[in-house]
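What follows is a short report on a single structure.
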Amino acid sequence: MAIASRFWSTIVFRLAKRYTEGNMDFFEKIFTWQNIITSVVIPFLLYMMSPILDRLRNIIIRLVSRMPSVIRATWRSKRAKELNKIKKQRQNGDLVTYVSIRSHAYLILFFGSLAAYWWLTMSGALQRFNEMPDTVQIIIGLPIFIFEVLWLIYNEKAKILVSYRGKLRVTSQSTSRLRRRTA
């Protein structure tokens with residue numbers, strides 16, 4: 001563990017020295033062990049907690065089903081509309097592919113914005129980032145969060161469409177023969 005941490009700290013500080021020409025104050029403030037460990041541990045914990053979050057979602061759904069009839073009816077109608085929309089969309093293979101590709105495109109944009117932010121930090125353009133006004137900090141970091149949210153939304157939509165796409169079935173022999181003739 002100590003060898004790996006020494007290795008990574010050596011690489012980080014060499015990169016920092018190369019890009020800032022000896023101005024290490026900025027990187028010493030950013031690359032503290034607390035920040036590095038936090039940036040590794042929190043995503044790992046979120047990944048590990050995803051089954052727990054799914055169970056929590058199911059618990060909330062069960063609680064809503066026990067609520068008064070007005071709220072329950074609204075919830076059910078919303079869910080029914082979503083399912084009908086998915087059932088219509090799953091018939092179109094091109095749409096399923098499009099949603100999946102769109103999800104991957106947002107993932108690439110998300111990683112691209114992260115890379116751009118990292119490059120701006122390493123090149124020294126954001127050396128005084130902590131001293132900038134809050135609104136400027138938010139505007140600079142906003143593309144990262146926008147692309148992340150869009151990726152998460154479309155990734156979930158793509159997963160649902162693909163899973164429902166596998167549930168398509170042939171209901172009669174005549175439909176099956178018709179499909180074979182037109183294909």
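Residues Y154 and I101 do not share a hydrophobic cluster, clusters being chains of Ile/Leu/Val/Met/Phe/Trp/Tyr side chains in contact below 4.5 Å. I139 and I144 sit in two unconnected hydrophobic clusters of ILVMFWY residues. Membership requires side-chain heavy atoms under 4.5 Å apart, directly or through other members. Note: the hydrophobic cluster containing F145 does not contain L114 (ILVMFWY, side chain heavy atoms under 4.5 Å, direct or indirect links).
Between the CG atom in L56 and the CD1 atom in I52 there is a gap of 9.5 Å [rounded to 0.5 Å]. Of the inter-residue distances, the one linking I138 atom CD1 with L142 atom CG reads 8.0 Å to the nearest 0.5 angstrom. The distance from atom NE2 of H104 to atom CG of L109, rounded to the nearest 0.5 Å, is 13.5 Å. Between the CG atom of L53 and the CG atom of N58 there is a distance of 11.0 Å, given to the nearest 0.5 Å. Put simply, CG on N84 and CZ on R79 are 11.0 Å apart, with the number rounded to the nearest 0.5 Å. Going from atom CZ of F44 over to atom CE of M49 covers 12.5 Å, rounded to the nearest 0.5 Å.
Among K81, R76, E82, the one residue that satisfies the side chain to side chain contact (heavy atoms under 4.5 Å, CB included) test with K78 is E82.
In this structure, Y117 and I140 have side chains that are in contact, with non-hydrogen atoms separated by less than 4.5 Å. You'll find the side chain of N92 stays beyond 4.5 Å of the side chain of V96, heavy atoms only.
Taking all atoms of both residues into account, the shortest heavy-atom contact from S103 to A158 is CB-CB, 4.4 Å. Taking each heavy atom of S77 and T74 in turn, the nearest pair found is OG-O, 2.9 Å.
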